[in-house]
Structures are given as C-alpha cells and as structure tokens.
Amino acid sequence: IIHDTLPDLLPTGFKAYDDVAIGFDRREIITIGAGTGDGKSVVANQLAINFVEKAKLDTLIVNFELPKKQYYMRTLSNRSGVPFSKIRAAHTLTDEDRAKLVNARRDFEGNLHKNGTRFDIWYASDDTTLQNLVTKLTPQKYRVVIIDYLGLIEVDGGKQSRSQQE
C-alpha cells in the first residue's frame with residue numbers, strides 16, 4: 001500500500017475470517033498453531049478443499065501423519081458429511097453412507113477435472129527435510145502447498161519428536 005501496490009489476497013473460504021482479513025496474502029507463508037487435537041489438520045484439509053474448488057488453484061498437502069489414502073478419506077468425509085470415525089471403522093458404514101462417499105468422490109474429482117486443477121496428497125517420510133521437499137516441489141508448480149505438521153519436518157538435520165514439542 002505504501003508503494004501503491006495492493007496485496008494479492010486469496011480468500012480462505014472461511015467467511016468469518018475473510019470478512020475481517022479478506023484472505024491470505026499469496027506471497028506469505030501462513031502458519032496455523034493450536035494444541036494437539038485442536039483441529040489443525042481439519043482446518044488445513046478444509047483450506048485445501050477451498051483453494052482447489054473455489055479459487056481453482058493446484059493444491060498439494062504434504063502430510064506427515066496419515067497415509068495418503070487415509071488423508072483422502074478425511075477429505076471425502078468432509079465433502080460427504082460422513083464422520084471420519086465411521087469411515088475408519090468401515091463395518092459401521094450404512095448403504096446411505098457408502099452412497100454419500102461415492103457421490104462425494106465423483107463430485108470432487110469431477111470438479112477437479114472440469115476446472116483443470118490438481119489436488120494431491122504426499123505422505124512424507126520421516127527423513128524428509130525442508131531442502132529435499134523444496135527440491136521436489138519446485139518443478140511441480142503448485143500454487144498452494146500445505147504442510148500438515150511442520151513440526152515434524154527436519155531442518156538442519158534434526159527434528160523434534162512429538163513428545164519434545166509438547
């Protein structure tokens with residue numbers, strides 16, 4: 001603003017936040033902090049869905065906690081309204097739940113195809129460093145990268161365990 005330039009803002013899709021902050025500045029690194037079990041991964045997943053569907057931006061989630069399939073099932077839970085706990089205990093799913101999941105997957109993947117956008121999930125190994133992550137990501141040209149659990153990434157050859165972080 002000082003130099004007569006406005007920030008390039010990306011709405012988050014969270015109305016209450018966007019009404020106040022208007023969105024995230026695309027040129028910044030945004031971190032979300034909260035205690036263990038307070039929903040950081042759920043917020044990150046919803047942000048990714050919003051960015052890929054509403055803003056039509058290629059989006060990558062780098063995840064250190066859940067295997068790719070399980071993280072994708074969390075996404076389908078979000079889109080379908082079927083609780084993730086029921087998906088994890090598949091024997092509790094009703095025929096209606098299964099139909100909702102199938103429809104959510106079809107609609108989500110159909111939107112990706114129609115918009116020409118990518119929504120990818122990478123399960124990061126324990127030895128992933130920030131340097132090799134940047135090396136892998138740079139040629140992929142994602143517009144949004146969400147690292148789900150930045151505290152588990154190695155920087156300068158070391159990382160803290162979850163117990164050391166808490």
Side-chain angles (χ1 to χ4, degrees), residues 1-14 17-18 20-79 84 87-88 104-105 108-166:
I1 294 175
I2 294 171
H3 302 288
D4 295 325
T5 60
L6 297 174
D8 186 9
L9 297 174
L10 174 63
T12 65
F14 290 102
Y17 179 84
D18 290 339
V20 175
I22 307 172
F24 293 156
D25 188 326
R26 292 177 196 245
R27 301 166 296 184
E28 294 181 342
I29 295 174
I30 308 298
T31 59
I32 298 171
T36 301
D38 285 345
K40 295 178 298 294
S41 293
V42 173
V43 170
N45 187 261
Q46 185 62 56
L47 282 168
I49 291 169
N50 292 349
F51 292 146
V52 77
E53 287 195 324
K54 294 179 180 179
K56 297 176 179 58
L57 297 173
D58 291 341
T59 301
L60 171 69
I61 295 175
V62 179
N63 176 43
F64 284 82
E65 295 189 287
L66 295 175
K68 181 178 179 173
K69 181 178 179 182
Q70 203 170 356
Y71 205 96
Y72 187 67
M73 293 311 289
R74 178 179 279 175
T75 302
L76 292 181
S77 169
N78 177 315
R79 299 274 294 130
F84 187 57
I87 294 170
R88 290 185 74 169
R105 180 179 181 181
F108 185 62
E109 292 179 2
N111 285 338
L112 294 176
H113 181 73
K114 179 179 77 176
N115 296 330
T117 52
R118 295 178 293 161
F119 176 83
D120 293 324
I121 302 164
W122 288 5
Y123 180 65
S125 62
D126 287 343
D127 62 347
T128 299
T129 65
L130 193 52
Q131 179 64 38
N132 68 24
L133 190 56
V134 169
T135 301
K136 287 179 185 177
L137 291 178
T138 300
Q140 301 298 320
K141 299 186 187 220
Y142 286 97
R143 296 294 308 276
V144 175
V145 176
I146 296 173
I147 301 174
D148 191 356
Y149 218 121
L150 187 59
L152 294 178
I153 195 166
E154 287 193 27
V155 180
D156 296 330
K159 66 180 171 187
Q160 293 180 320
S161 69
R162 183 174 285 228
S163 61
Q164 289 172 308
Q165 293 171 5
E166 293 176 347

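This chain uses plain numbering: 1 for the first residue, then up along the sequence. Side-chain atoms are counted along with the backbone in the values below, which use heavy atoms only and exclude waters and symmetry mates.
Inspection of the Ser41 and Asp148 side chains reveals an N or O donor paired with an N or O acceptor under 3.5 Å.
Using a 4.5 Å heavy-atom cutoff, the side chains of Lys68 and Trp122 are not in contact. You'll find the side chain of Leu10 reaches within 4.5 Å of the side chain of Val144, heavy atoms only. Counting only heavy atoms from C-beta outward, the side chains of Val43 and Lys40 never approach each other to under 4.5 Å.
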Exercise for the section: Assess whether side chain to side chain contact (heavy atoms under 4.5 Å, CB included) is satisfied between Tyr142 and Leu57, documenting all intermediate values. Expected result: CA-CA 8 Å; Tyr142 286 97; Leu57 297 173; over 6 Å; no
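More than 12 heavy atoms of other shown residues, nucleotides or ligands fall within 6.0 angstrom of atom CZ in Arg118.
Ring-plane geometry between Phe108 and Tyr72 is classed as tilted, the angle between the planes lying from 30 to 60 degrees on a 0 to 90 degree scale.
Of the possible polar contacts, one joining the Asp18 side chain to the Gly13 backbone as a donor-acceptor pair under 3.5 Å is found. Between the side chain of Asn50 and the backbone N or O of Thr12 there is at least one donor-acceptor pair closer than 3.5 Å. Between the side chain of Lys56 and the backbone N or O of Asn115, no donor-acceptor pair lies under 3.5 Å.
Between Tyr17 and Phe24, the gap from one ring centroid to the other is short of 6.0 Å.
A salt bridge links Arg79 to Glu53: at least one charged side-chain nitrogen sits closer than 4.0 Å to a carboxylate oxygen.
Residues Phe84 and Ser77 share a closest heavy-atom pair of N-OG, 3.1 Å.
The CD1 atom of Ile61 sits 5.5 Å away from atom OG1 of Thr75, with the distance rounded to the nearest 0.5 Å.
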